[in-house]
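Input: a single structure, listed below in structure tokens.
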Amino acid sequence: MADWTLGATYWPRRKGTLLWAAWDRGEVRDELQQLAAYGLDTVRLPLHWEDLQPRPDRVDTQALRALEQTLDLALDARLRVVPSLLPLAVAGAIHVPAWTTAASLAADMVMATKFGPLLIVRSESRPPLVWERTVHDTEVRDLWTNPAMRAAQRKLISEVVGYFAEHPALLGWELGSGLELARTPSSADAAGEWLAESVEALREHGARGPLFYAATLRALLRREGPRPELIVAAGATPALSLVPPEPAFPAQRLSEEMLRFVAALVQSLSGSPPVLIIGAPALPHTEGQIFADSAYGRAVEQPLHDPEQLARLLETALPTLRAAGVPGVWFAHAYCYGTPFLPEDAHSRRERMMGLFDTGGEDLPPAQAVQRFAQQPAPQPTQPLPRLDVEDYWHDPAAAFQRLWRAWQAPDEEPRT
């Protein structure tokens, strides 16, 4: 992927994940036009799985009509769109249709008729699961290999991609945001096979342009992945979500060095630099403050940024990343949200504070920094991202990650290659 993209994930600031269930033409039109006016060229558009596919054998026509109109409005605003299929990771919780879980007896009856009895394997983690705007404590099925789950995913791909593949607003398509948070694949091979089969299905139904798999840092810390090199081998571009603190970066704030390191690591593993999906909660006069929060089932001590400080970070990081060959930066949220994502107890508080625009739609210093960057001529290519020593990385990825990060911060002690 050669073209630079500067984008943001779009949920309406007043409705959040109710985008498709309570679609509002005027709201979507005005907000997409605002994003374009500040220099963003791409919108990452999560297709909320439960709203798009309420049953494994049915795709909702009302949601498809809303998607069609949203794509038309994005085209009017001169924005490119990357619809995100199967976007499980939403604001600190895992959003799934009920039929993808162990709680769905009705779905079991339908799918068992076609595929035989379904085996439920206990997951090692239990992140909050959300469907019907309520939180549930149960298991997610194996979304990577379960034949019933794969058939349902192919159904969604065939109808959504098959219908919209020719729309001129599309830049490309994204697959599977947060699948490894909901359930770790059983093996790297299983993840690789899922990626290859999913990409094949997308292309078979007419998908054009780049395809992305949106991984989290967890994918770089576990042998099972999904590994960046398998994403590339399947024909997709890695996109990596980085919203500190993460287990790999305990108690650390977002920084330019962190962004460059993760981009260099993914490129060293796969030969392809990733699109970076970044987020950092920011409130005025809070630099250095920390609050207790949760993210996908784990407690976090969440550091805050001051908006002016975050704007300065973007002013230096965006041109540096573009000049180094990173294909794009997408913000985790376009807007801050006055109303919590529902149910409130399942979602992270930090996700409401990451927007480029405040709860009233007014621009924040990071939005102003983005606008200034977008108005500048493209920087000349500089020295590319360094190649890291990733031999035997997957033998113990968590330890290798920390070793490489320490070396990155003290290059004189262990030179990069």
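These values consider heavy atoms only, across backbone and side chains, with no hydrogens, waters or symmetry-generated copies.
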State, yes or no, whether a side-chain contact exists between Gln302 and Pro245 at a heavy-atom distance under 4.5 Å. yes
Please list, one pair per line, the donor and acceptor atoms closer than 3.5 Å that link side chains of residues 37-45 to other protein atoms, with sequence neighbours excluded.
| unit_1 | atom_1 | unit_2 | atom_2 | d |
| --- | --- | --- | --- | --- |
| Tyr38 | OH | Asp363 | OD2 | 2.7 |
| Asp41 | OD1 | Leu6 | N | 3.1 |
| Asp41 | OD1 | Arg80 | NH2 | 3.2 |
| Asp41 | OD2 | Leu6 | N | 3.3 |
| Arg44 | NE | Glu174 | OE1 | 2.7 |
| Arg44 | NH1 | Thr9 | OG1 | 2.9 |
| Arg44 | NH2 | Glu174 | OE2 | 3.1 |
| Arg44 | NH2 | Ser177 | OG | 3.3 |

Shortest non-hydrogen contact between Leu364 and Gly355, atoms and distance: CD1-O, 3.5 Å
Report yes or no: do Glu351 and His333 form a side-chain donor-acceptor pair below 3.5 Å? yes
Gln34 side chain to Tyr335 side chain, donor-acceptor N/O pair below 3.5 angstrom: yes
Please give me the minimum heavy-atom distance between Leu19 and Val28, naming the atom from each residue. CD1-CG2, 4.0 Å
Less than 4.0 angstrom from a charged side-chain N to a carboxylate O is my criterion; do Arg58 and Glu159 meet it? no
Nearest heavy atoms of Leu314 and Pro319, plus distance in Å: O-CD, 3.9 Å
Would you say the ring centroid of Trp49 lies under 6.0 angstrom from that of Trp99? yes
Which label fits Phe401 and Phe261: parallel for a plane angle under 30°, tilted from 30 to 60°, or perpendicular past 60°? perpendicular
Does the side chain of Trp131 reach to within under 4.5 Å of the side chain of Pro97, using non-hydrogen atoms? no
Hey, are Asp24 and Arg13 close enough for a salt bridge, meaning a charged N less than 4.0 Å from a carboxylate O? no
What's the separation between atom CZ in Arg218 and atom CG in Leu179, rounded to the nearest 0.5 Å? 12.0 Å
Does the pair Glu257/Arg260 count as a salt bridge with the N-to-O cut at 4.0 Å? yes
Mutual orientation of the aromatic rings belonging to Trp194 and Tyr213 [parallel < 30°, tilted 30-60°, perpendicular > 60°]: perpendicular
Contacts table for residues 163-172: side-chain donor-acceptor under 3.5 angstrom, sequence neighbours left out:
| unit_1 | atom_1 | unit_2 | atom_2 | d |
| --- | --- | --- | --- | --- |
| Glu166 | OE1 | Arg208 | NH1 | 3.4 |
| His167 | ND1 | Ala169 | N | 3.1 |
| His167 | NE2 | Asp72 | OD1 | 2.7 |

